[in-house]
Amino acid sequence: MAHMEPSENASVVVKAVPDHAFPEKTAIKKKNWKIIISDDESEVHSVTRMVLGDYVFEGRPLEFLSAYSARETMALLEKHPDTAIILLDVVMDTDDAGLKLAQWIRQDLHNTFVRIVLRTGQPGKAPEKRVIIDYDINEYKEKTELTVQKLFTTITSALRSYRDLRIIEKSRIGLEQIIKSSAHLFEHQPLKTFAKGVLTQLISILKLDENSVYLQLSGFSAINDKSNGEDFIILAATGIYENAVDHYVSDIFSDDVISYLKQAVDEERSLFIDDVYVGYFVTRSGKKNLLYLKCCAHLSKLDQDLIKIFSNNVAVAFENILLNSEIVDTHKEMLMTLGEVVESRSIEVGKHAYRVSLGCHLLAIKAGLSQEEADMLRMVAPMHDVGKVAIPDSVLLKPARLTPEEFDLVKPHTTIGHELFKCSERSIMNAAAIVAHQHHEHWDGNGYPRGLKGEDIHIFGRITSIADVFDSLSHCRIYKDKWPIDQVVAFITEQRGLRFDPLLVDIFMENLDEFIKINEQYPD
């Protein structure tokens, strides 16, 4: 049943865009350095806060947390795992409370980052040499020697160590995440899914602001409907930009953002500008793509290096996506062309195969098949009648109902179609073989060619059966006039559980308006 549309006029669903302008800059408030003062003498707390009250390291002040016992200290550490320093008294509840607490921090809490500065007023109870050897502490000071200057020096040294350890750990986690993320990105997936994945993975790596967009510039004429010929289309977005997908940048963003993007294109390189990162990628085919992230002003050199490493992987993965798409498009074009060859023998069937492919895709999605399975079915559905190339014109083009003998000559078209594709190891060819072979099988077992029954019939065959009959009955054929829609619907309903899968019939009926709309969009 017959003709395939030479190209897909897929409509783009454009979401509503908020009336307000998207904010482009957000102030980043730096977190304070957390310091726990663990000492049973309240005067120690007061003096420490007074001496270090105006202390600032790398633009970040101190935040003091007080604990007067080992138990209180443990509770604070569990509540504040990002504590940078603990000023820990040796003697509190017991003579060795501080030592046991240091041991608990490292061995039980598994916190190797917090810098432990052990302070004691009774050095004889915890000799420095033994403490340094037996416990993983970072400084050991007698309270009498902690003058203002020495306390300042101790805190500065400890914060530098804590900062450096966190940088190393973040680098390790970031690189580990890049490896995992890159593996995900190299999976076969549609371009928009890939673009969304880029954003998700990069934000996960850096814990960035969620507001970001991925943009594509496909050559000035390929996607342009603007007078300036240089607009960008948004492929994927997150955060406040989510509703901007499929819109032009000039319709959404301020001139500042557009200037960032144009600068990256003009200079043909990725850029960090103000609080924005613009990643610039060019494929071997010349297609230019941009990744836009905002709120990047707080990123360290390490963060920027992680972005660059990940962006290099994105460029390679994007190239692979395009190559895979090229292969799929080649297969699709081949199947479309083959479908047209079959359809050209029957001038009255018009866009039957194309409508069937759309109907199969719609029913597959509604029935809960994955996007990949639905796309595969849409691609191979035009092959359902490919075996009719072997049916004589005298039978295929007869302007009247076929006799039982003539119908027996038509039936083998299912087996012939199956034979054309069955030897291939490609999944797309296997799917085409299934559709060609099983679209005339009946749920009750009275179909052909094998008399399969129920779920022994592949879901592709069951879906194609409904889409094929619906389209065939609702359009003219050389041997009949088209049926009114209510008569077509009545027939399909009557055949529920006989010819057709009852569950699929129910789904079809629930979404009848959408199937009728396909007929209206692509009339013969």
Side-chain angles (χ1 to χ4, degrees), residues 4-5 7-13 180-201 214 216 235-238 245-246 289 313-314 316-336 338-339 353-384 386 417-418 421-422 424-439 455 457-468 501 503-504 507-508 511 514-515 518:
M4 168 56 67
E5 191 76 355
S7 64
E8 296 182 20
N9 300 316
S11 59
V12 176
V13 177
K180 293 179 180 178
S181 300
S182 297
H184 168 75
L185 293 177
F186 276 91
E187 295 175 358
H188 176 63
Q189 54 189 314
L191 182 57
K192 284 193 175 182
T193 304
F194 165 77
K196 181 78 172 181
V198 168
L199 291 176
T200 302
Q201 299 295 347
Y214 189 84
Q216 181 185 48
L235 283 180
T238 61
V245 174
D246 293 324
N289 295 265
N313 288 353
V314 167
V316 176
F318 184 78
E319 185 77 40
N320 286 347
I321 291 288
L322 291 181
L323 290 175
N324 285 332
S325 296
E326 181 69 22
I327 294 171
V328 171
D329 289 344
T330 300
H331 286 160
K332 186 184 298 184
E333 185 174 338
M334 178 194 69
L335 293 175
M336 287 182 179
L338 186 55
Y354 187 62
R355 289 190 301 267
V356 169
S357 71
L358 295 180
C360 285
H361 184 270
L362 175 60
L363 188 52
I365 291 294
K366 299 296 185 181
L369 272 65
S370 68
Q371 187 66 52
E372 184 179 359
E373 290 172 316
D375 290 343
M376 177 75 76
L377 180 55
R378 177 177 179 174
M379 196 182 306
V380 302
M383 295 296 96
H384 66 281
V386 68
H418 179 256
F421 299 113
K422 72 173 185 178
S424 174
E425 296 181 358
R426 304 296 179 188
S427 58
I428 189 171
M429 296 302 180
N430 291 333
I434 290 170
V435 167
H437 203 207
Q438 298 187 18
H439 72 287
E455 293 188 357
I457 307 168
H458 194 283
I459 186 65
F460 283 6
R462 285 178 270 151
I463 289 175
T464 305
S465 176
I466 294 178
D468 180 30
D501 180 338
L503 179 59
L504 290 178
I507 296 171
F508 173 84
N511 300 276
E514 294 185 56
F515 289 94
I518 292 174

J.: Calculate, to the nearest 0.5 Å, the distance between atoms CD1 and NZ belonging to Ile463 and Lys366 respectively.
T.: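 The CD1 atom of Ile463 sits 13.0 Å away from the NZ atom of Lys366.
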J.: At what distance, to the nearest 0.5 angstrom, does CD of Gln438 lie from CD1 of Ile457?
T.: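 It comes to 7.0 Å.
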J.: Drop me the distance from Met429's CE to Met383's CE, to the nearest 0.5 angstrom.
T.: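 If we round to the nearest 0.5 Å, Met429:CE and Met383:CE are 9.5 Å apart.
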J.: Set out, in order, the CA-CA distance, both residues' side-chain angles and the distance that settles side chain to side chain contact (heavy atoms under 4.5 Å, CB included) for Val380 and Phe421, then state yes or no.
T.: CA-CA 11 Å; Val380 302; Phe421 299 113; over 6 Å; no
J.: Can you list the residues that meet the ring pair (Phe, Tyr, Trp, His ring centres under 6.0 Å) rule with His361, with sequence neighbours excluded?
T.: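 Per chain and number, His361 pairs via ring pair (Phe, Tyr, Trp, His ring centres under 6.0 Å) with no residue.
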J.: Rounded at 0.5 Å granularity, tell me how far NZ in Lys422 sits from NE2 in His437.
T.: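 Lys422 atom NZ to His437 atom NE2 measures 8.5 Å (nearest 0.5 Å).
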J.: Please find the pair of heavy atoms, one from Ser424 and one from Asn430, that lie closest to each other, and give the distance.
T.: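 Reported closest heavy-atom pair: O-OD1, 3.0 Å.
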J.: Let me know which of Val356, Leu358, Leu362 forms a side-chain contact (heavy atoms from CB on, under 4.5 Å) with Cys360.
T.: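 Of all the options given, the one that passes is Val356.
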J.: Would the distance check show the side chain of Ser465 and the main-chain N or O of Arg462 forming a donor-acceptor pair, the cut-off being under 3.5 Å?
T.: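 No; judged by distance alone, with no hydrogens or angles, the pair does not exist.
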J.: Could you tell me which non-hydrogen atom of Leu504 sits nearest to which non-hydrogen atom of Ile459, and how far apart they are?
T.: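 Leu504 and Ile459 have their closest heavy atoms at CD1-CD1, 4.0 Å.
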J.: How far apart are the closest heavy atoms of Ala374 and Ile365, and which atoms are they?
T.: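 So the two residues come closest at CB-CD1, 3.5 Å.
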J.: Shortest non-hydrogen contact from Met376 to Phe460?
T.: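 Smallest heavy-atom distance, with atoms named: CG-CE2, 4.2 Å.
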